Amino acid sequence: MISRRAALMGLLALPLPPKAALAKATRISAEPWATKLVAAAKQQIGVTVSYDPAYRRLPFPGGAVPRQAGVCTDVIIRAYRDAMSIDLQERVNHDMKRAFDAYPKNWGLTRTDPNIDHRRVPNLKVFFIRSGAARTVTPNAADYLPGNMVAQMLPGNLPHIALVSDELNADESRPIVIHNIGRGAQMEDTLFAFDITGHCRLQMVSYCDSDLNCKF
């Protein structure tokens, strides 16, 4: 059976826009919170330089894998922590304990695992939907605003997630995204390169009570 790592390494052969083309990108106006979130994701480029899906035991809350490595979900996790002090490890764990049956059972788990639950794309999708963050999946590039997230399905049925940036591609037809698809954190023109299976926009948390019940 081909591992996720091996399958993603195979995707590196896919033709992607050269970095020179991305350098010509035009900025998109964005809300301040989204600009801050995107900036936190961009800061990972050149820092997170590899893709490493290895299971790790993490402190809780606030646990994190080393910045030089990670997976696609770590781009999102780090951006929310750095920009908004939102700990998705803690938030996902709390919501899974409250509504475990609402989350996928793809891994045969019978209880939560704060080491990995928040680092799995299907779990993040459910959390964002339950947080009221879901947006419609459309073929219209203008619907994908800076700070939005897109869940995608890569060849081989590999779930993936990316953050929509505040820059357009070279021909200004669509925004480019920030993600880790196997090369470390990168900004690339892949919004519509793969099937989009989810579209979310999770804004800054305005209030959380002592049980982490949050209003967005």
Side-chain angles (χ1 to χ4, degrees), residues 1-17 34 37-38 41 44 51 53 70-80 86 88-89 91-93 95-96 99-109 112-113 116-166 168-169 173-183 185-203 216:
M1 183 176 180
I2 299 176
S3 70
R4 179 182 175 87
R5 184 200 293 266
L8 282 171
M9 292 304 101
L11 287 176
L12 297 184
L14 292 174
L16 293 175
L37 183 67
V38 170
Q44 300 174 45
Y51 184 96
V71 295
C72 61
T73 49
D74 290 310
V75 175
I76 308 299
I77 293 164
R78 290 165 180 158
Y80 272 98
I86 294 175
L88 289 174
Q89 180 195 29
R91 298 286 168 81
V92 170
N93 177 261
D95 196 55
M96 287 186 74
F100 189 75
D101 287 343
Y103 283 80
K105 303 299 184 292
N106 302 13
W107 309 276
L109 298 181
T112 60
D113 183 349
I116 193 65
D117 287 336
H118 62 301
R119 300 183 66 220
R120 288 171 162 157
V121 174
N123 286 342
L124 278 187
K125 281 178 58 179
V126 171
F127 174 76
F128 293 144
I129 291 169
R130 286 175 51 80
S131 300
R135 298 294 183 268
T136 303
V137 173
T138 81
N140 184 1
D143 292 332
Y144 297 89
L145 304 176
N148 287 18
M149 291 162 286
V150 289
Q152 298 172 309
M153 189 62 70
L154 307 182
N157 292 320
L158 300 175
H160 181 62
I161 194 166
L163 183 72
V164 179
S165 81
D166 59 356
L168 293 171
N169 65 347
S173 62
R174 58 187 168 268
I176 50 183
V177 302
I178 307 164
H179 66 169
N180 183 351
I181 201 171
R183 304 173 178 85
Q186 299 282 333
M187 191 156 62
E188 297 178 308
D189 184 11
T190 57
L191 176 62
F192 295 133
F194 311 107
D195 289 340
I196 297 178
T197 60
H199 178 203
C200 297
R201 183 173 181 82
L202 183 62
Q203 301 183 26
F216 297 91

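Side chains are part of it too, since the values below use all heavy atoms of this structure and drop only hydrogens, waters and symmetry mates. Treat the numbers as computed from the prediction; the structure is a model and nothing was measured.
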Open item on the list: Quick one, Q89 and I77 - any side-chain contact, counting heavy atoms below 4.5 Å?
Closed with: no
Task: Polar side-chain atom of Q152 near backbone of L191 as donor-acceptor pair, under 3.5 Å - done: yes
Task: Short side-chain to backbone donor-acceptor contact, D74 and R78, under 3.5 Å - done: no
Task: More than 12 heavy atoms from other groups under 6.0 Å of CG on D195 - done: no
Open item on the list: Given Y103, which partner from the list T112, D95, L109 fulfils the side chain to side chain contact (heavy atoms under 4.5 Å, CB included) test?
Closed with: D95
Task: Separation between CG of L37 and CG of D166, rounded to the nearest 0.5 Å - done: 10.5 Å
TODO: Could you label the plane-to-plane angle of the F194 and H160 rings as parallel, tilted or perpendicular, counting under 30° as parallel and over 60° as perpendicular?
DONE: perpendicular
- [ ] Measure the shortest side-chain to side-chain distance between V75 and I178 over non-hydrogen atoms and say whether it is less than 4.5 angstrom.
- [x] yes
Task: Smallest separation among heavy atoms of A134 and I129, with atom names - done: CB-CG1, 4.1 Å
Open item on the list: Could you walk me through whether V92 and L124 satisfy the side chain to side chain contact (heavy atoms under 4.5 Å, CB included) test, starting with their C-alpha distance in whole Å, then the side-chain angles of each, then the deciding distance to 0.1 Å, before giving a yes or no?
Closed with: CA-CA 7 Å; V92 170; L124 278 187; 4.0 Å; yes
Task: From CA spacing to verdict: side chain to side chain contact (heavy atoms under 4.5 Å, CB included), K105, F100 - done: CA-CA 9 Å; K105 303 299 184 292; F100 189 75; 3.3 Å; yes
Task: Distance, nearest 0.5 Å, that separates OG1 of T73 from CZ of R119 - done: 5.5 Å
Open item on the list: Which heavy atom of S173 sits nearest to which heavy atom of N169, and what is that distance?
Closed with: N-OD1, 2.8 Å
TODO: Write down the atom of N106, the atom of P104, and the distance for their closest heavy-atom approach.
DONE: OD1-CB, 3.2 Å
Open item on the list: Restricting to non-hydrogen atoms, name the atom on R183 and the atom on Q186 that form the minimum distance, rounded to 0.1 Å.
Closed with: O-NE2, 3.6 Å
- [ ] Nearest 0.5 Å please: distance from the CG atom of N93 over to the CD1 atom of I116.
- [x] 13.0 Å
Open item on the list: What's the separation between atom NE2 in H179 and atom OG in S165, rounded to the nearest 0.5 Å?
Closed with: 10.5 Å
Open item on the list: For R201 versus P146, what's the shortest heavy-atom pair and its separation?
Closed with: NH1-O, 3.0 Å
TODO: Could you grab the distance from atom CG of N140 to atom CZ of F192, nearest 0.5 Å is fine?
DONE: 7.0 Å
Task: Short side-chain to backbone donor-acceptor contact, Y144 and V137, under 3.5 Å - done: no
- [ ] Determine whether I181 and C72 make a side-chain contact, defined as any pair of heavy atoms from C-beta on separated by less than 4.5 Å.
- [x] no
Open item on the list: Between N148 and H199, do the side chains contain a donor N or O and an acceptor N or O under 3.5 Å apart?
Closed with: yes
Open item on the list: If I compare all heavy atoms of A79 with all of Q44, which pair ends up nearest, and what's the gap?
Closed with: N-NE2, 3.5 Å
TODO: Given side chain to side chain contact (heavy atoms under 4.5 Å, CB included), test R120 with W107 step by step and report yes or no.
DONE: CA-CA 10 Å; R120 288 171 162 157; W107 309 276; 3.4 Å; yes
Task: Sidechain-backbone polar pair: N180 side chain, G70 backbone, donor-acceptor under 3.5 Å - done: yes
Task: Contact check, side chains of L163 and I76, non-hydrogen atoms, under 4.5 Å - done: yes
- [ ] Drop me the distance from D117's CG to M96's CE, to the nearest 0.5 angstrom.
- [x] 4.0 Å
